Structure formats: structure tokens, C-alpha cells
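Please read the structure below before turning to the comments.
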Amino acid sequence: MEKLILIDGNSIIYRAFFAMPPLTNSAGQHTNAVYGFTNMLLRLIQEQQPSHILVAFDAGKQTFRHEGYKDYKGGREKTPPELSEQFPMLKELLDSFGIARYESEGFEADDIIGAVSKRADEEGRQVLVVTGDKDMLQLVSDRVQVALTRKGVTEVEPYGYAEIQERYGLKPEQITDLKGLMGDTSDNIPGVPGIGEKTALKLLHQFGSVEEVLARTDELKGKMKENLVNHAEDARMSKQLATIHREMPVERSWEDMAFAGLTEDKAAPVLRKLEFKSLLERLSFAAEGGAASDGQGERRAEEALDIRICTEDNLGELLEALSAVEALHIETNGDNPHQAEVVGITFSSQRMYYFVSYDLLKKEAAAPLANWLGDETISKSGYDLHRADLALHWHGIPFAGAAFDVSIAAYLLDPTGGDQSLSALADKYGLAPIASDESVFGKGAKYKLPEEEALGLHLARKAAVIAKLVPLQQEDLEKNGMSKLFFDLEMPLSRILADMEKQGIAVNREDLQQLGTEFQEQINKLVTQIYEIAGTEFNLNSPKQLGEILFDKMQLPVIKKTKTGYSTDADVLEKLAPYHDIVQFILDYRQLAKLQSTYVEGLLKEIRPETGKVHTFFRQTITATGRLSSQYPNLQNIPIRLEEGRKIRKVFVPSEPGWHILAADYSQIELRVLAHISGDERLKEAFLHEMDIHTKTASDVFGVPQEQVDSNMRRSAKAVNFGIVYGISDYGLSQNLNITRKEAGQFIEQYFAIFQGVRKYMDSIVKEAKRDGYVTTLLERRRYLPEINASNFNLRSFAERTAMNTPIQGTAADIIKLAMVRMVEALSERKLRSRMLLQVHDELVFEVPEDELELMTRLVPEVMEKALELSVPLKAEVSSGNNWYEAK
DNA sequence: GCGTTCACG
DNA sequence: ACGTACGTGAACGCC
């Protein structure tokens, strides 16, 4: 008789973790949850004699991160790292047992179990679902049984029709009704207030279903009736949430799930590594490894590598091997690559690994090696070569020829994939494991280089992993249709970014200091006034102390609270301003204090004395959408909206006398992208006719001619347009416009009634995300949304808004990146001296010699507008002056 | 190290 | 019943 055991992996490992006492192996890894899981598994196998087994997991690391987030919202503990670290071990163990496991981006273990059990049921097979989650009881049928864990985890209690009837007096399909009424705090299912298990069961015994209860509330009375009437929708939705979807495409055949029993050669090494001696005995496996054991048997099976620690004497070997180098790794220290030291370089060449220390690299004897590094005709594969390039540059060693950067590939393949270190990538691709940097170097203040031998080994392992990753990632990129994005856009861009960063942008130190003096005078005045009104001195920078003054001492009304106390953010202070003069002073203080600490003092610290410039570091592998980010300093958030802050821009000047700063920005690029991808005729019309998009939107939504749109209507329309781009919600819009949620909802409804193409796009992109588990941009940049089918309302809603926003923000990011690549080509073709310095999401900043100003004023917007052809025109506006302030 | 606030697109 | 507009980085207070 064939029998399938379907295990809810997440549910069981959680329970095992909390049920078992702490347990670690000699490597210091926690193993208690894996131990509990394995015990349960072996017992099930013995008792049930299954022919097939499948363990289902929630997909991806994100799930656990967001479970932490959800728990946090629910006021519970985060997933402890002692548990997180056990997931990879469990998966390795299952593989070694020959047990199939299944996780699929965008789906939860519930979905997998629901769908697999349904199919098996239809095929007439016996199924036992093992879980700690009572919701699963809804899956019970003639052929499907559900085993719930008891107190511990190794014991389970099987439920069929009879047991559910006996325990609850319900049929399996009524389990969702039960949840609909009583809710479930751990899953964030609300249910109906005041109704717990007892009341819910009574109601269901009387009426049979949620729908029937709600239809016949006239037969009830009192508070319960009131709650049911008022929360009818909650009840319906809760039932929906508790319903397991059983329709996902199952990408496992029956044969894939076959279980043939354990074999010692596969299972024993993993059990030994975990140091599960009692289990080894129970299975009659040897507790010590066989012939393979080499005294390191208990450690992870890191690969033995053939390593040369290079010296002046043996450097010739490496020089000969250079022509066959598959990968190199350039290790740097510190976060800021402009200040980093080069720790050492390793090379992988035909299964030999060479380590070169920085000291050796700087010696005359290594000149051929330095030449090789700087030869742009030699293609190089590595990890974070952009960072390496900068570090080498400041030590006088040119680097060129970056052709395949494993960190960028990993980012494109999963921009929100969490830890993208080489150690994590080795795990992910099933390569020989390598130690984490933290374990080799320590972190923070404890960072310390190990002995050269150990250092060389660790860095050689990195080079080895890079060499192996390259073909694997190349294949994955190809599979995802991202090869062009990688080779023709991101890799060229990474080289361009390094050039921009080395170039830097000049800052007038004296002017900046002068500005600081002016700010400080104003700050001093404000502080005096505020202390006087408050009647006491306190730390104005402490929201806690400020809150005590405003709300306890002065008794101003509390508008909003944070987790830790009173909120004092600008939103709140603006609402309090009418009550007391002090509030405006505080707002002004905040503004100036921000400018002073972040932009005057912060920027001064970043000016490099040698160049008189600031050299930001653009990060290419951070954002979820494909945008860049900027650090040390962040030059993508220099003030502009308020005049006081905008003055900061005056200190950003050309680095050569007589040159100009030229800035060009895309006009409404995100709404134009939306017009293109949604195909909305009205939106397209607006851009084809060069209309003011917010006025046009107001005119359409309020049904008045454009001439009659007043400033308030335009302001509302602008907020709606922003909201649309962000993945609109009535709540968000209401916050932004300071109106009620209902009014915001009406705005949105009116908008969608006019821009129907946009509504269709929003609906279809969410559907697409639910089907595929990811969304893409025009250039096939991809973002996975594992929570798009979550049963938790907040997680799911967030993913839905992300599904709407990411293709828009991401495509805009694609476009300006394309423009940057084309711009550099255009500059070099025309042999111009102008330099591209900064990118600020929809803006490019250049420094331009006088005699190129006219040409650049035409060329830059032209290149930007032609970067990608859409069904609406792209528009770029250009301007120039003696500094960034004037280039507006 | 986390939370709050605020600067930008 | 729940609480978010999307995407970032830096400074500061506080534990």
C-alpha cells in the first residue's frame, strides 16, 4: 500500500525548537530543533512505513525575516538566530536521508501541503499530514489524515473524520468557520471579538457555517449579536484567511517524493557532523567516520586547496599562471572603500591558488602583476570589484577589466536575498562551504587579520568559490532573461561608478564653514527662546525629554504615540503649532540642527584634504528596486525643498577654474513609465501633449476644465499621482493629505474611474505577482515577493503595494542607468573633457568646461531622452551654473 | 544595536 | 483587527 507523509517543515521545526532543551555540537552550532525534528521523523518512518515523504517549507530566507517582523508587530519574540541557523542543517539532513523537500517562492508550506495532498487524494493515495497547526484539519478526507503534534514534538495524534467529530463536533470543512469566528492571534486572524472556541463551537453546532450565522443574527441577542453584526466582514475575511489554497501548481511528481529508506553512506556523515550519537546508535550506524575520516571529520568538509603563498622568489609561478586565471579575489578592509586598505589578493588558476600580500604587490618585482591588474583587455571575474577598484586606486594601483562580478550577479538574481556574502553564496549553490568573514577576521573593533597561512587559505577559498559561481550564475542569469541586463548594463555601470567616485565632487570648505556659522547663530537664538518658554533647560535632541516638556509639563494634546512614548515628529508638531509659540521654534530648531549636524559637520568630515573633494560610494547591490544608493557621504539626499537647506548646494562647485556644474533631471519619469507599462490612453495623451500632469489629473478627477483647477485641487491630484506610483492605499493617501480615509478612498475611486488602464495594470500586476512570485521591470530586473500570498493581511498588503511600485520605480532606475552608460560613450566618442559626477535617481550632475557648455546643454538631455524608447516621450530638463545650487 | 527623526527621489 | 503609503542613509539618544 502506497502512503505519503507530508510534513509541515516550518511548523515542526518551530515546535521542536521550543520543545527541546538547548543543544549544541562542538562547532558551537545549535542543533536542538534539528534533533527534535529528526527524532519525530525516524519515529514516523518506523511506525507508518511510508513509501513517499515530502517536507514542505515556507520559501526563502525572507519569510523568516518577515516572520520576525510579524511577530514583532504582534508583540512576540523574533525568530531567534539559534533557530534560523538550523534551517540549512535540517535541509542538508533531509537531503542526506533521501527525503524530498519542497519550497517555492511566493508560497507557504500550507499551500504546498494543500495542493500536494489534494492531488494525492484525487489519485486515490493515502496521505498523512504532519503539522502543529490545527488549521490543517480542514484537509481531512477519506484518504487524508492529519497528525497534530502533542505536547512535545516526537508524539503525534492522528485525526480523521471521527476524531474531528469527537473533539469538535465538526466536519473538516467547518474548521475554517471555526477560525473565522474565534480568530487566531498567532496568525493575526482577527475573528469576532468576544467569541472564543466555546462560543464559536456552539454557534457552529446551531448554524453550521459563518455565512449561516451571519444571515440569522436575528435569532441571537445581546453583546454577541452586536459583535457579529458589527464584525460580519471580519468573520468572512477571517474564514477566507484560514482557508488553505489547494490550487498551486505542484512541481513534484509522485516519483520525486519516493522514499527508499536511509543509507549509511549518505546519512551517517551528516548525523556525525551534527553529533547525534544516540541517533547514530539507534540506526546502528558507526559513530565514527569510516575511511574518509581524517581527524577533521567533525568539522565542515571544507575543500583542501593547493595554495602558493607568493614571495618575491616564487612569484614567477603566478606570473606564468596569470594567463589562465579564472577568478581573483581582492580583499579589502573597512566599510568605506575610499579609505580601505588592501589586505591581499588571491588568484584561481587551473586548480592552483595563489596568495599575494599587499606588501608583495607593492614591490618592484610584482610590477608585471600590477600591469595585469590594470589591463582592461584582460577580463576578470571577482566579487565586489567596484570596491576593490577604489581601494587599489587610492594605493596607486590601477584596476581594470571587471567582466563578471559575482556580487552583482547575486544581486540581480535576488535583490532582496539577504546575506550575499561568498560564504552564503557557496551554501546557496551547494559548493564546498567556506568560513564567514566574521569568523576569520572578527567584526567591528575586534577585526584582526589572522596569520598569513590562515589568511591565504580563506582568501584562496573565496577565489575558488568565485571561479565556481561564475558559470552557475551565468546560467541562472540566462534562464531569467537577465544576461543583457547584467553584461550590457550593470557591469559597464559598475566601472562607470568607480570612475565617478574616484573623480569626486569639489566642495568649497570655507563657504561651508561660513554657512555653519550662520546656522549656529540661529540655532543658539532658538535654543535660548525654547528654554525660556519651557522654563528649563533640557536636551532638545531627545524626543523623550521633548515629549515630557510638551505633553507632561505643558499639557499639549497628544496627537500620536510611538512604541516608546510620545511622538514628536514634524507631522505632530505642525498640528500642535496653533496651541503654543514654542512649537514653531522647535520645528525651526529641528530643521537647522539637521542641516548643521548632517550637512555642514557631516560633509566637512568627508572632504578629503588631498583633493578638496568628497568622494561618495555608490552602492549597486543594495536596493530592492534597482536604484543606486550613496554613502560616505550620501550625496543623494542633499537638501533642496526648503531654501535654508538648499543653500548647502552652493558649496558643491566645479573642480577646475572656469568650469560649470550642469544638472539634468527627468521630468515625471515614474508617471511616464506608468503610462507606458499600463498603456492607459488618458495618461499617455497627457504626456504626448506635454501637459502639466498634476493639473491634468485634477481636471479629469474633479471634472473641471484645466483653467479652473485651483492650487488645492492640483495639490490633491499630485498626492494621488504619488500614491498611484507607491501602490495606493486609502490610509496612506489620507495621511498624506490630512483628510479622512473615506475621502481618500473616494479620490482613489474617482481616479480609477478615469484612468481605467491604470486600474487594470494595478490589478494585473498583483495577479502576476501572485502567480509567479515575482515582478519585473522593462529590462527584466526581478524582485521576488514571497509574501504576496501570505495569509497575514499586513504582509500581503505590503507585498501587493510593492508589486505595483517596483516595476515603476525599477524601470525608471533601468532607464537612468542606461542613460549613464550611453552618456559615457557619448563623452568618449566626442573626446569631451566634461565629467559625469553624480546620479540622484532621476538626475545626473556633470562638471563641464566653458567651451563644452553649449554642446553639453544639448547633448545630455538628448542622450537621457533617447535612453529607452517608450510609448510616451521621455523629457529631461537641463540647467547649469557656478555650483549645484545654480544648476536648477 | 535599535528606535526616532528627517534629508532626498 | 490590523496599521502601510515606495525606495534610501545619517545623526542622535538611549539601553
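Only a predicted model underlies this, so the values are computations on that prediction, with no experimental measurement involved.
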Take atom NZ in K767(A); do more than 12 heavy atoms of anything else shown fall under 6.0 Å from it?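 Not buried by this count: 12 neighbours or fewer within 6.0 Å.
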When you match D234(A) and T806(A) each to their closest nucleotide on DNA chain C, which lands nearer the 5' end?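 This one resolves to D234(A).
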Judged by each residue's nearest nucleotide on DNA chain C, which is more toward the 5′ side, P193(A) or T802(A)?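 Its nucleotide being nearer the 5' end, the pick is P193(A).
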Can we call the ring centroids of Y885(A) and F652(A) under 6.0 Å apart?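 Centroid separation for Y885(A) and F652(A): 6.0 Å or greater.
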If every non-hydrogen atom of I549(A) is compared with every non-hydrogen atom of A534(A), which pair is closest and at what distance?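 Here I549(A) and A534(A) meet closest at CG2-CB, 3.9 Å.
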Scan [X] against the nucleic acid and name what it touches under 4.0 Å (heavy atoms): base, sugar-phosphate only, or nothing.
X       : answer
A719(A) : base
D842(A) : sugar-phosphate
A570(A) : sugar-phosphate
S797(A) : nothing
S238(A) : nothing
T568(A) : sugar-phosphate
M804(A) : nothing
R783(A) : sugar-phosphate
A624(A) : sugar-phosphate
G727(A) : nothing
I728(A) : base
V725(A) : nothing

Can you tell whether the side chains of [X] and [Y] come within less than 4.0 Å, N to carboxylate O?
X       : Y       : value
D511(A) : K650(A) : no
K594(A) : E644(A) : no
R759(A) : E749(A) : yes
R236(A) : E233(A) : yes
R627(A) : E670(A) : yes

[X] side-chain proximity, nearest of [options]:
X       : options                : value
F722(A) : dA7(B), dA5(C), dC2(C) : dA5(C)
L733(A) : dC8(B), dG3(C), dA5(C) : dA5(C)
I622(A) : dT4(C), dG9(B), dT8(C) : dT8(C)
Q591(A) : dA7(B), dT8(C), dA1(C) : dA7(B)
F793(A) : dT5(B), dC2(C), dG7(C) : dC2(C)

Can you see whether F722(A) has K718(A) sitting over its ring - NZ or CZ less than 6.0 Å from the centre and within 45° of the normal?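 Not satisfied by the 6.0 Å and 45° rule.
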What's the [atom1]-[atom2] distance between [X] and [N], to the nearest Å?
X       : N      : atom1 : atom2 : value
Q839(A) : dC8(B) : CD    : C1'   : 12 Å
K647(A) : dA7(B) : NZ    : C1'   : 17 Å
L546(A) : dC6(B) : CG    : P     : 10 Å
D814(A) : dG9(B) : CG    : P     : 20 Å
Q735(A) : dG3(C) : CD    : P     : 14 Å
L540(A) : dT5(B) : CG    : P     : 14 Å
K888(A) : dC8(B) : NZ    : P     : 14 Å
I748(A) : dT4(C) : CD1   : P     : 17 Å

Would you check if the side chain of [X] reaches a backbone N or O of [Y] as a donor-acceptor pair within less than 3.5 Å?
X       : Y       : value
H841(A) : A813(A) : no
S630(A) : F618(A) : no
E438(A) : K443(A) : no

Rounding to the closest angstrom, what is the interatomic distance between [N] and [M] at atom [atom1]?
N      : M      : atom1 : result
dG3(B) : dA5(C) : P     : 15 Å
dT4(C) : dT5(B) : P     : 14 Å
dT4(B) : dG3(C) : P     : 14 Å

Look at the side-chain N and O atoms of [X] and state whether any lies under 4.0 Å from the OP1 or OP2 oxygen of [N].
X       : N      : value
R641(A) : dA7(B) : no
T564(A) : dT4(B) : yes
H841(A) : dT8(C) : no
R627(A) : dG9(B) : no

Can you tell me whether the side chain of Q636(A) and the base of dC8(B) have a donor-acceptor pair closer than 3.5 Å?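 Side chain to base: no pair below 3.5 Å.
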Can you give me the dot-bracket string for DNA chain C, 5' to 3', counting Watson-Crick and G-U wobble pairs with both distances under 3.5 Å, using [ ] for crossing pairs and | for partners on another strand? .....|||||||||.
Does Y731(A) lie flat on the base of dT4(C), that is, centres under 5.5 Å apart and planes under 30° off?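 Yes, aromatic ring over the base.
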According to salt bridge (charged side-chain N to carboxylate O under 4.0 Å, His left out), who are the partners of D569(A), at least two apart in sequence or on a separate chain?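 Once residues adjacent in sequence are excluded, the partners of D569(A) under the salt bridge (charged side-chain N to carboxylate O under 4.0 Å, His left out) criterion are K560(A).
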Does the protein touch nucleotides 10-15 of chain C at the base, only the backbone, or not at all? Give it as B, S and - per nucleotide, heavy atoms under 4.0 Å. BSSSS-
